[in-house]
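As structure tokens, the structure follows; a few thoughts come after it.
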Amino acid sequence: MSEYSPQTIEKKWQQRWAERQTFEVAAESSKPKFYCLVMFAYPSGHAHVGHVRNYMIGDVVARMKRMQGYHVIHPFGWDAFGLPAENAAIQNKVHPRAWTLDNIAHMKGQLQRLGISYAWEREIATCLPNYYHWNQWIFLKMFERGLAYRRRSTVNWCPSCLTVLANEQVIEGQCWRCSSEVDARALEQWFLRITAYADQLLDGIDRLTEWPEKVLTMQRNWIGRSEGARVQFLLTGDTAVPIEVFTTRLDTIYGATFILLAPEHPLVEEIATTANEPEAFRERVRRFRTQDRTARLTGDIEKEGFDTGRRATNPFTGEDVQVWVANFVLGDYGTGAVMGVPAHDQRDFEFAQKYNLPVRVVVQSDEDATSLSEFEEAYVGSGRLVASEEFSGLPSAEARVLMTQVATDRKIGEGAVQYRLKDWGISRQRYWGTPIPIIHCESCGLVPVPYDKLPVELPDVTAFSGRGDSPLAQVPEFVNTTCPTCGTDARRETDTMDTFVDSSWYYYRYCDPHNKALPFDPEAVRYWTPVDFYSGGVEHAILHLIYSRFFCRVMRDLGLVEHDEPFTRLLTQGMVLKDGAVMSKSKGNVVDPDDMMATYGADTLRLYEMFVAPPEKEIEWTDTGLEGSFRFLSRVWRLVEPLAARVRDAGQPSANLDDTERAMRRKTNETIHRVSRDLDPRVHLNTAVSALMELVNDLYVFCDKAGCGPRARQSETSDIRPETAAVLREAIEALVLLMAPFTPHIAEELWERLGYSEGLIAAQWPKIDSSVAGPDTVVVPVQVNGKVRARLTVDTGRSDADLEADALVDPQVQGHLAGKTIVKVIVARGRLVNVVTK
RNA sequence: GCGAAAGUGGCGGAACUGGCAGACGCGCCGGAUUUAGGAUCCGGUGGCCGCGAGGCUGUGGGGGUUCAAAUCCCCCCUUUCGCACCA
């Protein structure tokens, strides 16, 4: 008998898979298709055991589906643009491309050593021109349809690094790199009009029945639809300028006793010019606007405001109300102006208290009529209107409908829907991203780069200082060009795209990764998509997954794809923790899969990560748990390896079996059932593994009895009873096949030793044998008043009436019935008896 | 503050439509084997009481429904995650 030597086995099979291109997949097949996708990787350098968990989960699903007869596409690629490469370039004087490609090479090796069954021939890297070409192509299609546009917007600006920062790069109001206070600055930026699809993205959520509820809730909140109305208050003065406000509570408008403008509201500057002391006015506005941006956004700031001195007319009451500028009003939501209803909005209430503004109750709850003197907080619920002229007495909901109608008729407002979702700012002043394919011409304006001039390739910048604007702006050969329309001198756009653009459609490119004429052939995508199973980290619950849903719809409208939703089923996998914390280089708690594989092999690592918890849950890394998995695989090896040659020629189990053999067959069958069910539709990989462990435990006992187990080495040459050999072969083959998705290398090796030379790719998922008889007897617990007092061993299928009789004559049961009156006896579907007494 | 999810042995976790709580693994204890250790194999392992048979108790806490509750309902506590002035 040989030792279990994972290093030898794993190398052998990985080579064979590569040579035979086992996991490459043809364009079409007569089999049903299955698209198994895991989120592609950012090539940061080294994958740790937390990153690879997701790839293992996907691999289990892909390998199982192949064995179940599906034509499986299981691709992988690299989300290869992004800031870290540029930072590495600054720090280590390496070109981002070299850094990225080196990392990809290393990480690809890691995945191959793990034995993940990818169709590597379809590998993509977003930083290569043959990929980002199509980012540019899609961008231009969106530009043509008005879905990509340019406008000024407020961004985070670091005055020391002289660059724009993403929201994630602003930590407590400071630059993550140099800790300078971040300013708000208005810049021309490119946006994608995701808000045009807001309603579709929201409605589509209801049809995502195979996504985690948590993710759907997050997306709903992110989109944040609110129904209400826009109403105009007229600013009093020489010219009656309208101030439009958005409200979801038009029913409270009779209680609107002031107007609040965001510091960014366009009217603020206009009002400033007519103020008594314009400069002091502007200074106060400026102070609000430069208040810590993050704090303002999180509401972690004292509510402040000041009276502009101007008045506006409430269109319903006809009264003039004060117009204030307030720091807590958001400039980029709704109209940037709100009506202040202190009696029915908590924020307005606090504001009114602070500045002694009038409070007027206009809605009263049905239960208790609130009077003003009792007010300690705003009443924000619905109720019946009071002090609202002809609307008084109406319930809030009805009043909103009627008042919206009245506002529309009087042309002072209309019903409106607002979304929290904002258009997606994709401009990045960075080098390592997709160049935006636009040319700025003085006479023609924004001119798209013609399709036949794509891709606009990144020039070879070599000096990365980390300062200044977009590095592309400093490359004259890149910037200076001619206008495609009029031929005069023109400038290229120097912003690059957010890398979330790259990841919004990569799953389509896998279907046709080498296409040189289009992002992909719609036929290929029609065949493979939508993605049947998608697995990745929950941190992408909103960003990537909502952007992809958006891109999917845009591509549908472009006639490129035919479905509305790209991912049918989503699994969000939990993180791997070490010492209670997420693994990270800076914490120094990363576990390198290569270290683990060197000691225990890839199969052990895979098995451990699949067994220790359900895929959705986070897991705490333990070395002892890993050893346990190694122990199990060694145990399988010690059992199967010496037995394989002895049972490989055994026939089918006959009817002529003894009790032990029949029980063994039942266990085999039961394990097939449990593992199949746990893998699909549930993806309960941990319980599937425990079912396999039980089978192995039973096999040890069985072999022990049959005198052919690991403990009976001396009998290796002795004969095994033919019936026993047949039962063993059946059990062992099922075991090996069921293990194959989890631990493919050891499974391949044992499968070969069982006499199959074509590999597991040619093997089929084991089927339940319905001819295997169930057990002759079952154990039925008997309860007295809900407590188990005895267990009866009875023939299978014994009637409930007989069971009741059996229970009542049982001596144990009788002992507990002494001196009591039986009220009734319940027999639960032949599984349990409960005697109820008084 | 709002919303969602989750609380089960020393630990990770099982438990189908309410029906034997703790599968499987880790750890621990004992035994076999071994010069010894490791490895391996076998057995035990929620808590309390009992020599034992056995009894009591037990799924965050408190109520409730039910013959029967980890599972269903109500209240509370804790943890995690998400959102966070969205008018």
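Chain A is the first sequence line, chain B the second, and so forth, proteins listed ahead of strands; every chain is numbered from 1.
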ask   = What string of B, S and - do you get for nucleotides 43-51 of chain B 5' to 3' if you count protein non-hydrogen atoms under 4.0 Å?
value = ---------
query = Any side-chain N or O of A/His344 under 4.0 Å from OP1/OP2 of B/A87?
reply = no
ask   = Is there any salt bridge (Lys or Arg N to Asp or Glu O under 4.0 Å) pair reaching into residues 818-833 of chain A, and which pairs are they, with sequence neighbours excluded?
value = none
request  = Answer yes or no: does atom NZ of A/Lys705 have more than 12 heavy-atom neighbours from other residues, nucleotides or ligands under 6.0 Å?
outcome  = no
inquiry  = Is the phosphate of B/G12 approached by A/Lys617 (side-chain N or O, under 4.0 Å from OP1 or OP2)?
reply    = no
request  = Give A/Tyr700 one of three labels, base, sugar-phosphate or nothing, depending on what nucleic acid heavy atoms sit under 4.0 Å from its own.
outcome  = sugar-phosphate
query = Among A/Phe258, A/Phe351, A/Phe306, which one satisfies ring-ring contact (aromatic ring centres under 6.0 Å, His included) with A/Trp324?
reply = A/Phe351
remark   = Stems field, RNA chain B, Watson-Crick or wobble, 3.5 Å, at least 3 pairs, by first number, holds B:1-7 with B:77-83, B:10-12 with B:24-26, B:27-32 with B:40-45, B:46-49 with B:54-57, B:60-64 with B:72-76
ask   = Should the ring pair A/Tyr4 and A/Trp637 be called parallel, tilted or perpendicular, given that the plane angle runs from 0 to 90° and is split at 30 and 60?
value = tilted
ask   = Does A/Arg789 put a side-chain nitrogen or oxygen below 4.0 Å from OP1 or OP2 of B/C56?
value = yes
key: Out of B/C81, B/C41, B/C67, whichever nucleotide has its closest atom nearest the side chain of A/Lys214   = B/C81
inquiry  = With salt bridge (Lys or Arg N to Asp or Glu O under 4.0 Å) as the rule and sequence neighbours excluded, what pairs involving residues 677-690 of chain A come up?
reply    = A/Lys65-A/Asp680, A/Asp678-A/Arg682
query = Hey, are the side chains of A/Thr335 and A/Arg230 touching, using non-hydrogen atoms and a 4.5 Å cut-off?
reply = yes
ask   = A/Asn686 versus A/His684: any side-chain heavy-atom pair under 4.5 Å?
value = yes
Heavy-atom donor-acceptor pair, A/Asp345 side chain to A/Ala378 backbone, under 3.5 Å = no
remark   = Sorted by chain and number, sequence neighbours left out, salt bridge (charged side-chain N to carboxylate O under 4.0 Å, His left out) with A/Asp795 holds for none
Which nucleotide in B/G25, B/G13, B/C41 has an atom nearest any side-chain atom of A/Met693 = B/G25
Closest listed nucleotide, where the reference is the side chain of A/Thr248 and the choices are B/C42, B/A87, B/G27 = B/A87
inquiry  = Distance check needed: B/A39 C1' versus A/Glu3 CD, whole Å only.
reply    = 9 Å
ask   = Between B/A23, B/A87, B/G19, which one does the side chain of A/Arg829 approach most closely?
value = B/G19
request  = Measure from the side chain of A/Asn697, starting at C-beta and using heavy atoms only, and say which of B/G25, B/C26, B/G19 lies closest.
outcome  = B/G25
message = Within the 4.0 Å heavy-atom criterion, would you say A/Arg677 contacts the bases, only the backbone, or no part of the nucleic acid?
response = nothing
request  = Please report, rounded to the nearest Å, how far the P atom of B/A39 is from the CH2 atom of A/Trp637.
outcome  = 21 Å
Solution key, residues 605-620 of chain A side-chain donor-acceptor pairs under 3.5 Å, sequence neighbours excluded:
{"unit_1": "A/Arg606", "atom_1": "NE", "unit_2": "A/Phe742", "atom_2": "O", "d": "2.8"}
{"unit_1": "A/Arg606", "atom_1": "NH1", "unit_2": "A/Asp59", "atom_2": "OD2", "d": "2.9"}
{"unit_1": "A/Arg606", "atom_1": "NH1", "unit_2": "A/Leu114", "atom_2": "O", "d": "3.0"}
{"unit_1": "A/Arg606", "atom_1": "NH1", "unit_2": "A/Gly115", "atom_2": "O", "d": "3.2"}
{"unit_1": "A/Arg606", "atom_1": "NH2", "unit_2": "A/Asp59", "atom_2": "OD2", "d": "2.7"}
{"unit_1": "A/Arg606", "atom_1": "NH2", "unit_2": "A/Pro741", "atom_2": "O", "d": "3.0"}
{"unit_1": "A/Tyr608", "atom_1": "OH", "unit_2": "A/Glu620", "atom_2": "O", "d": "3.4"}
{"unit_1": "A/Tyr608", "atom_1": "OH", "unit_2": "A/Thr622", "atom_2": "N", "d": "2.9"}
{"unit_1": "A/Tyr608", "atom_1": "OH", "unit_2": "A/Thr622", "atom_2": "OG1", "d": "3.4"}
{"unit_1": "A/Glu620", "atom_1": "OE1", "unit_2": "A/Gly580", "atom_2": "N", "d": "3.1"}
{"unit_1": "A/Glu620", "atom_1": "OE2", "unit_2": "A/Asp579", "atom_2": "N", "d": "2.8"}
{"unit_1": "A/Glu620", "atom_1": "OE2", "unit_2": "A/Gly580", "atom_2": "N", "d": "3.4"}

ask   = Base, sugar-phosphate, or nothing: which does A/Val836 touch, judged by heavy atoms less than 4.0 Å apart?
value = sugar-phosphate
task = Describe the nucleic acid contact of A/Arg230 in one word from base, sugar-phosphate, nothing, applying a heavy-atom distance below 4.0 Å.
result = nothing
query = Is B/G30 syn or is it anti, if syn means the base angle is within 90 degrees of 0?
reply = anti
query = Picking from B/A87, B/A14, B/U17, which would you name as closest to the side chain of A/Arg831?
reply = B/U17
